[in-house]
Amino acid sequence: MSKQILLIITVLFLGSFNGFSNGIIEKDSSKAKTISFKIKLKSADKIKIAVSPLKYDKHFAYSFTLDDGYRSAYLTAFPLLNGGKISDSSINEWKIDQGGDGTKSEGLFYSDGMGNKIPFKLALAINGGSIRDLPESRGHLSWKEVKEMYNAGWDILNHSFHHATKHGTNYSTEVTENTTSIKQNLDFTMSHFVVPGGEGDEKYYLKYEKEALHNGHFSVASYYGVGPVFNVDSKVDLDKMITARTFVQSSKDTLTFKTMDAYLKKLDSIVKQPNAVWFNEFTHGTGNTNLWNLSMRFPDFKYYMTTLANKYGVKGNDSIWMAPWQEVYEYIWLRDRIKVDYKQKNKEIEVTIQVPEIPETFRNHDISLNIKTSSKFEIESSKDLKIRDDGKTTHKQIFIQLK
């Protein structure tokens, strides 16, 4: 029998498009459309086409969010994952060390399966009222720092404007004022909400959930809800999704990585499931001090993320899609709504994809299709499609970018 080859077609539905900035889509058309192209095989073997459960046909998606917009995200987490100089010890305005070990990181990566490395990316759940430029020893991020991480592919999630939770909080204003703040300063609209933790009236989080969904957010991470592990082999109910948050945090043990190993063991048990899965977790700071005892010390964070990269990234089995919550959500939303048809006549396959109208706040318009075939191939398409593939070599993937 011929060995079946898994072909992944990644299609970016960009519509009317003004270009990229560090890989970020700046503007696009969200109108429904139909695209088509042809696959020309070298032999007339029968093929099968199906939508991939996850982008790049990865086995599992892992989303990790840093709450509250602490500056350690920029000083330590961002350079570790994206590549760059990790901060030395940095004492902030609270007399807490939110720096790292001062080393230079080459970055942590998975691949797209076509020889291109993609850095691990996280999400930031931020409060616009805390973002500022001064003092230099500030504990929170600046707008410039947030923008740099956003442009590198990190997602920004709504965490309320003031992180207010106590009695008398205007929950609607907290949601909408934060949306306005990020729109004014960074020129995009947030579409996912993370309930801030703290002292408050009984079940105050229910009010945040209600206001976030009422004001256009697609999902809310809260105290209770579905997940945090999702089987994504079949359709996922994303409508007004409220998810349960789980945290990765350092313990009092500062001499070993036993606590991190326990978290990694749990993750490994999830990954070993036969179905494609999506797992979502959180922490707060990633500096040298366990900020508010709700964070990861940088040595723990570095050990945790490096272990993930070495085991599941390009240095390991390359099964991870390390992408923030919004990116994975948007892929699954589109995956469950496109319609893919194909007709094969001998060595030629005509593929037609019907794309639904996509919400304007979506940042990612990507989809991956699996095609099982034993044949090498070439692609024929109109000039409106930008296509690159490895059909003449390993014949596994096609990348399509619409103008």
Side-chain angles (χ1 to χ4, degrees), residues 61-74 77 121-131 140-141 146 149-150 153-166 169-183 186 188-200 203-230 238 240-249 278-286 291-292 294-296 323-330 332-333 361-363:
Y62 187 45
S63 300
F64 201 93
T65 301
L66 306 181
D67 274 3
D68 299 347
Y70 295 121
R71 195 165 182 235
S72 58
Y74 183 79
K121 294 174 290 185
L122 308 186
L124 301 171
I126 67 174
N127 317 104
S130 299
I131 306 301
H140 287 96
L141 296 163
V146 175
M149 288 187 279
Y150 178 78
W154 287 41
D155 282 338
I156 309 301
L157 312 180
N158 192 339
H159 200 41
S160 78
F161 188 67
H162 293 107
H163 202 283
T165 60
K166 294 183 178 180
T169 295
N170 186 322
Y171 298 98
S172 178
T173 299
E174 282 293 313
V175 172
T176 58
E177 191 171 356
N178 205 38
T179 300
T180 300
S181 175
I182 273 62
K183 179 65 176 178
L186 299 174
F188 67 87
T189 301
M190 296 181 294
S191 56
H192 299 267
F193 190 87
V194 179
V195 173
E199 298 179 2
K203 296 185 178 180
Y204 78 91
Y205 54 87
L206 296 178
K207 297 179 181 179
Y208 262 128
E209 294 170 5
K210 178 182 177 181
E211 293 299 335
L213 295 174
H214 176 73
N215 283 283
H217 291 73
F218 295 111
S219 72
V220 179
S222 189
Y223 284 88
Y224 307 98
V226 296
V229 180
F230 299 90
L238 299 178
K240 297 182 178 180
M241 173 183 276
I242 297 176
T243 68
R245 266 190 304 176
T246 59
F247 288 86
V248 179
Q249 298 172 175
W278 175 25
F279 188 27
N280 186 35
E281 290 194 298
F282 292 74
T283 199
H284 290 82
T286 57
L291 185 65
W292 319 136
L294 295 169
S295 303
M296 297 174 74
W325 174 267
Q326 181 176 342
E327 183 177 344
V328 179
Y329 179 100
E330 290 174 352
I332 293 174
W333 186 95
T361 55
F362 269 36
R363 188 182 185 190

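Predicted, not measured: the structure shown is a model, and the values here were computed from it.
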*I would like to know whether I182 and N158 meet side chain to side chain contact (heavy atoms under 4.5 Å, CB included); could you show each step before the answer?*
CA-CA 9 Å; I182 273 62; N158 192 339; over 6 Å; no
_Checking L66 against T283 for the side chain to side chain contact (heavy atoms under 4.5 Å, CB included) test, could you report, in this order, the C-alpha distance in whole Å, the side-chain angles of both residues, the deciding distance, and whether it holds?_
CA-CA 5 Å; L66 306 181; T283 199; 3.5 Å; yes
Would a 4.5 Å heavy-atom cut-off, applied to side chains only, mark [X] and [Y] as touching?
X: V248; Y: F64; result: yes
X: W278; Y: S63; result: yes
X: V194; Y: F282; result: yes
X: F247; Y: L294; result: no
X: E174; Y: Y208; result: yes
X: E177; Y: H162; result: yes
X: F362; Y: W333; result: yes
X: Y223; Y: V195; result: yes

_For F230 versus G227, what's the shortest heavy-atom pair and its separation?_
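That closest heavy-atom pairing would be CZ-CA, 3.7 Å.
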*For the residue pair A221 and T243, what are the closest heavy atoms and their distance?*
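A221 and T243 have their closest heavy atoms at CA-OG1, 3.4 Å.
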*With respect to S172, which candidate in T169, V175, N170 satisfies the side-chain contact (heavy atoms from CB on, under 4.5 Å) definition?*
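In the set T169, V175, N170, the residue that makes a side-chain contact (heavy atoms from CB on, under 4.5 Å) with S172 is N170.
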May I ask you to decide if [Y]'s main-chain N or O and [X]'s side chain share a donor-acceptor pair within less than 3.5 Å?
X: D155; Y: K121; answer: no
X: S219; Y: I242; answer: no
X: N178; Y: N127; answer: no

*Which word best sums up how the rings of Y171 and Y204 line up, parallel for under 30°, tilted for 30 to 60°, or perpendicular for over 60°?*
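The rings of Y171 and Y204 lie parallel, inter-plane angle below 30°.
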_Geometric class of the F188/Y150 ring pair [parallel <30°, tilted 30-60°, perpendicular >60°]_ =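 Correct class here is parallel.
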*asked:* side chain to side chain contact (heavy atoms under 4.5 Å, CB included), that's the test. Do Y205 and V220 meet it? Break it down for me.
replied: CA-CA 10 Å; Y205 54 87; V220 179; over 6 Å; no
*Option among T65, N280, D67 that satisfies the side chain to side chain donor-acceptor pair (under 3.5 Å) test with R245*: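 So, applying the side chain to side chain donor-acceptor pair (under 3.5 Å) to R245 and each of T65, N280, D67, only D67 qualifies.
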_Neighbour count above 12 (heavy atom, 6.0 Å) for K183 NZ_ =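 Yes.
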